[in-house]
Structures are given as structure tokens and as C-alpha cells.
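Please read the structure below before turning to the comments.
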Amino acid sequence: MFNVDVNKKNLLEIQNALKDAHYDALIVPHEDEFLGEYISEDKQRLAFLLGFTGSAGSCVVYADNCIPTSLFVDGRYTIQARKQTPEEVEIKNFQSQLDTIHDAITNLKEGNTVAIDPRLHSMNWFNQAKSLLEQKQIKLVNCKKNFIDQIWRNKPETEKKPLIIFPAKYYGTPSTEKRERIAETLKDRELDAMFIADSESVNWILNIRGHDIPYLPIVRCFAIIYSNQSMDVFIDNEKLITSQFAQQCGSDVSLFAFSKLEETLSRMGDDHLVVGYDEQKTNAYTVLKLQKSGATLIKIKDPCDIAKAVKTNVEIEGFRTAHVKDGVAMCRFLSWLDRRCSEKNEENEETLAVQAEKYRQDQENYIELSFATISALGPNAAMCHYNHENADQPRQLGQDPLYLIDSGAHYYDGTTDITRTVAVGTPTQEMIDNFTRVLKGHIALAKAVFPIGTLGIQLDILARQYLWDIGLDFAHGTGHGIGHCLSVHEGPQRISPRLSVNDVGFQKNMIITDEPGYYKNGEYGIRCENVLAVVDRPNYEGSMLSFEVLTMVPFDLKLINSKMLSATEKEWLNNYHKKIRETIQPFLSDREISWLISATKTIE
């Protein structure tokens, strides 16, 4: 969609606009006004400006073009960012949400100004940024109009798509019950209302879904829920009312156009309401409007977070069903890929991704992919979040020993996410040994037994230990939560080497991924990812938990050095492959069954 020459022109135009407005710097985040990871094409401002298409990042542009633009990204995107952006842009490693502010402080002087669009930053970020800049006598300015939008000609138009009433058999808890629980929380905190800024939370409360954002089956919306259980929802005009919605949610849920939000915020102040908001999820523009209206504001975590993360038994069963379907699709794909490797063909990263998607589309209740498929051969797999669509030419099958595919889907039953690294040529001994180390870490985490409330940071070392033994590591987290037909990256639970203020302990019926990896820049990448459900651990004293593996796809035996596996690791792998064989085989053709039997044979 963009190229370097165009991005250079856009960058220069923004710098000139800053000079005309007498601003010294502009901060451009990846997020839109909903502050989520996934955004629609018309909100891809960072991509428009710099060409960077990753799902996380933030940049600071200086009016003085002698000061280079700084783009901050985490370890998943450092290689991608360098390839996509103009050479004069400095790529810097993400350390904290305030990287751009520290960068501005370094490059600016007393009396300078930093411009932002307050709709694109959380209130928590806004308060910290303002405080840091004021200490250096630098002013933070809220712009009424977004600088990027003013120069973005031929901006993509968002396609209008209908709201989906989520079928009752998939979610387990009706909207009225969810609202009743949240209302009780508000009463306990002596709140009159709560502003819900997270669209996923609103969709979860109302048991609705949509197609407003690629890979995220939700309707973009804000909501205010009151202590009497009623709810005001602000949504696109095209989706305002349906009889099905009224039947699903009841008469105490009112739908309004987005244009009515500011009027409602003002009314809340006029009524002297005590309003809760999540300072990390609510954009600064909304909170500042509420403050100005006269409402009393109280910081509170989104009450949907934990309730949404701890799945109902109906949702857990749905996840199991979805992963059987996904296992069938991926086993059919890997069987097909195995045949293609032995034939003269012209497959590449793109055609491989398309074929994997076709097998998923054949499954009942398929909605869409849960993220853009990472289909990566050879050195491209060393970029954790590589996307062949951003490459000049997708890499051809037949020249590399390893292929990595990280993919998933949304089904009405649940959401999937799986990574498999497979041999598509003759791997080196180094590749085999490093794959085995990654797999050993994966197994160690999958076998973990731990008390209720254990944090992900306490389990993270299990997945890294065998890489650390020889001085290797990977620059991403080890596990993330998954929503039920919501975001494939859902919190607040996670497994990471870094502690976050948002981290919570594990509870029964949470969902988490197990995905250690290793990436050798310019050569190859390895990742082994399964989805796990947190379950009770029977026959233990006290309240102990463990993991149930939901993913149903074998690991490539050709990449395993069995001499490096312990007896218990072999037992785990053999049992896992046996379960896959018994579960998936009835859905495959004779040729695919032959492949599955070979792919899951016992390691002696």
C-alpha cells in the first residue's frame, strides 16, 4: 500500500505542517481511538507516515528535519521496521510506553511543544507524559485535528458491515447476567456508572460480534453501563437498531450514534455522576471531556477483563471443538505440504498461506482468520511477525530447509492460534538441535503444575531454560491469552519474562498460548505454539492447576533429535501424538491418514 519514496514525502509534509503550526514535535502511535491492537485500514496512520505495518509501535516526528524521526518497536518488529521505513528513520528498541516522551526530552529544549491527538493515547499515558514534559518545561499540546488525517489524501473508506447476534449456544452467560454482575461491582465501588472504552468488552457484555476490523470479529463501540444495569452503547449509525438486538439484550440497552457520545458525557457531568473508567483503556480525550463536564471520576480496572478471561464451561467446550476443526484443517494442510515438497512445483509463501486458509474455510462455523498468517521460509522466519504481503516477492518453496507457519481462525465455537515449524528440505544439525531445545521448553511449560494465582513470569523460565543453557533466547513473550471469538491476543493473563502492573494470576478456565522460539537473523526461525486451557490438577493437596493442550497438530518428527529428549519428554510427545491421531483421523482422507500415522509415530 505504501513505498519508501511516498513515506519520505509524507514525512516531509508533516514536518512542514508542524512548522506552520509552531509545534516542535508530533507523537504518532499505532493505536486508534479504541486503543486496541487491531485497527481498520483507515486508521493505519503509522503505516501511512512511515510504511511500518506492524501491530505495535510509536514514533516521534520533529519539525526540525535535522533531528531524525524515532520509531520504537519491540523485538518482534526490529528487522521488519528497518526494511519498511525510510533510511533516515531511526529504529529503536521499545522499553516503555513513554519511549517517545523520553526521546522528545532528549531532543527538545525548554519552551518547545509536543503535539498529540488525545484520542489516540490512554489517560494513563497522557498524565505521565504531561508530567515528564513539564519537568523539562516542555509543553504537551492536544490537537483538535489529527495531523496525519489532514494530509492523507485518498484515505481508505471503512466498509459498512452488519452487527452479528452471537448465538446463545456458544457463550454460556446471557447479557442480563453479565450486566447484573458489573452493576454489583459498581455499587460496591459506590459508582453511578462506568465508561467502557474497550470494544471487546462491550461486545462480550452484549453477546454481539461484527466485522468492523480485519481479524477481530467485533463491532467498534463505546458504552456506559449504569449501576441500575442499564447501558448506553455508542455505535456506527448503520448498526443502530434491529429487533434481534432488542431480543438479545433487552429494553434497558439503548443504542446511539457515535455523534451522541459527547452530549452524553456532558449530561453525566450535569447530573453530578460518579463515573469509573480504566485509565489504561480509555483515551485521554474522553476523560478530559468528562472532567470538564463536572463528573466525579474514579479510576477502576475494566470489570470485564477477568470475567472475560475466565471462560464459561460452554466456552471451554467450544474451544475444544474449534481446535479439533483447526487440527483437521492444519493436518490436511501439512499433509498437502509434504506432498508438494516432493513434487516439482511453484509454491511460495503466499500460495502456502492461501492453501492453509482454504482448509480452514472448509470447516463448519468458520468466520475468518484470527490474524494475518505468518507464512515464512528460511531467513524470513527469523522475523517473528513477518508478513509476505509486505515483501517485494514472496519467497519460493524449494530453496530453504525450514518453513514456519503461524496462523489461526475464528470459529463461532472459539478462536485458534498455532505455530508449526516444519522441514521442507534438509535441515542442518544445528537446526534440528535448536528445534529440539525449543520443543523441550514447550513441553516443560505444558507439563507445569502450579498453585492458583501463579503469575506468568513465574512460569516463563520453563520455556527458556534449554535455550539459556547454550546462551540463546527469544525476544518475545512466551504466552498470551485468547478471547472466545474475540481478540487472539487477550489479557490480562500472559507468560513473559517481564512483570507488568496488569499481570494477574492464573485461574481455572483461562486460555493461554505456549510459544517459545528461536530466531537466527538472516538464516531461519523456529517457533512451537499450542493453545492451553488452565484446568484443575487432581490428586494434589491444596488448590493446584495444570494445563490441558487444546491444539491438535503434530510436531515435525524430522526436526527432533530424540537423543536430546528425556524419557518423560518422549512419553509426553508420544501421548500427545496418539491423542491427535485418535481425534483427527476420522476426518481425513486415506492419503491424509497415511501422512498422519507417519507424522505421529512413536518415538522409542
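Here the structure is a predicted model, which means the values were calculated and not measured.
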Using modelled atom types and a 3.5 Å cut-off, is there a donor and acceptor pairing between side-chain atoms of [X] and backbone atoms of [Y]?
| X | Y | value |
| --- | --- | --- |
| N387 | E389 | yes |
| K301 | D278 | no |
| Q493 | I511 | yes |
| N509 | K311 | yes |
| Q465 | L462 | yes |
| S370 | T416 | yes |
| N575 | E571 | yes |
| S487 | G483 | no |
| T373 | S375 | no |
| N203 | V219 | yes |

Partner set under side chain to side chain donor-acceptor pair (under 3.5 Å) for [X], not counting sequence neighbours:
| X | result |
| --- | --- |
| Q458 | none |
| Y576 | R420, N530 |
| N93 | none |
| K440 | E569 |

Show your working on side-chain hydrogen bond (donor to acceptor under 3.5 Å, both in side chains) between E430 and T428 and close with a plain yes or no. CA-CA 5 Å; E430 176 191 297; T428 65; 5.4 Å; no

Ionic contact status for [Y] with [X], cut-off 4.0 Å:
| X | Y | answer |
| --- | --- | --- |
| E604 | K570 | no |
| R220 | D212 | no |
| R437 | D433 | no |

Residue from T421, V422, I526 passing side chain to side chain contact (heavy atoms under 4.5 Å, CB included) with L404: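 It is T421; the other options fail the test.
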
Is the closest side-chain donor-acceptor distance between [X] and [Y] under 3.5 Å?
| X | Y | result |
| --- | --- | --- |
| S175 | R179 | yes |
| Y386 | E349 | yes |
| Y170 | N365 | yes |
| H388 | N380 | no |
| Y411 | T321 | no |
| Q80 | T53 | yes |
| R360 | S407 | yes |
| S589 | E592 | yes |

Just wondering, more than 12 heavy atoms not from [X] lying within 6.0 Å of its [atom1]?
| X | atom1 | value |
| --- | --- | --- |
| E177 | CD | yes |
| R339 | CZ | yes |
| I461 | CD1 | no |

How are the rings of [X] and [Y] set to each other: parallel, tilted or perpendicular (split at 30° and 60°)?
| X | Y | value |
| --- | --- | --- |
| F547 | F450 | tilted |
| H121 | W125 | parallel |
| Y403 | F333 | tilted |

Of all heavy-atom pairs between [X] and [Y], which one has the smallest distance, and what is that distance?
| X | Y | answer |
| --- | --- | --- |
| Y366 | A409 | CE1-CB, 3.8 Å |
| L559 | A423 | CD1-N, 3.8 Å |
| A223 | V202 | CB-CG2, 3.7 Å |
| I218 | S199 | CD1-CB, 3.6 Å |

Contacts of type side chain to side chain contact (heavy atoms under 4.5 Å, CB included), residue [X], not counting sequence neighbours:
| X | answer |
| --- | --- |
| F94 | D74, Q97, D99 |
| L472 | N434, L467, I470, Y518 |
| D400 | L377, P379, R395 |

Working for side chain to side chain contact (heavy atoms under 4.5 Å, CB included), residues F166 and C485: CA-CA 10 Å; F166 202 45; C485 199; 3.8 Å; yes

side-chain hydrogen bond (donor to acceptor under 3.5 Å, both in side chains) for T419 and E529? Distances and angles first, verdict last. CA-CA 5 Å; T419 308; E529 179 185 19; 2.6 Å; yes

Between [X] and [Y], is the ring centroid distance below 6.0 Å?
| X | Y | answer |
| --- | --- | --- |
| H484 | Y171 | no |
| H476 | Y519 | yes |
| H442 | F555 | yes |

Worked verdict on K308 versus D302 for salt bridge (Lys or Arg N to Asp or Glu O under 4.0 Å): CA-CA 10 Å; K308 181 157 53 77; D302 185 337; over 6 Å; no

What residues form a salt bridge (charged side-chain N to carboxylate O under 4.0 Å, His left out) with [X], not counting sequence neighbours?
| X | result |
| --- | --- |
| K92 | E90, D103 |
| E523 | K520 |
| R82 | none |
| E184 | K187 |

Beyond-backbone contact of [X] with [Y], side-chain heavy atoms, under 4.5 angstrom:
| X | Y | value |
| --- | --- | --- |
| L486 | R209 | yes |
| P401 | Y524 | no |
| L71 | F52 | yes |
| L532 | E548 | no |

For residues 593-602, which side-chain N or O atoms pair as donor and acceptor with protein atoms under 3.5 Å away, sequence neighbours left out?
unit_1	atom_1	unit_2	atom_2	d
S594	OG	D590	O	3.2
T600	OG1	R581	NH1	2.8
T600	OG1	L596	O	2.7

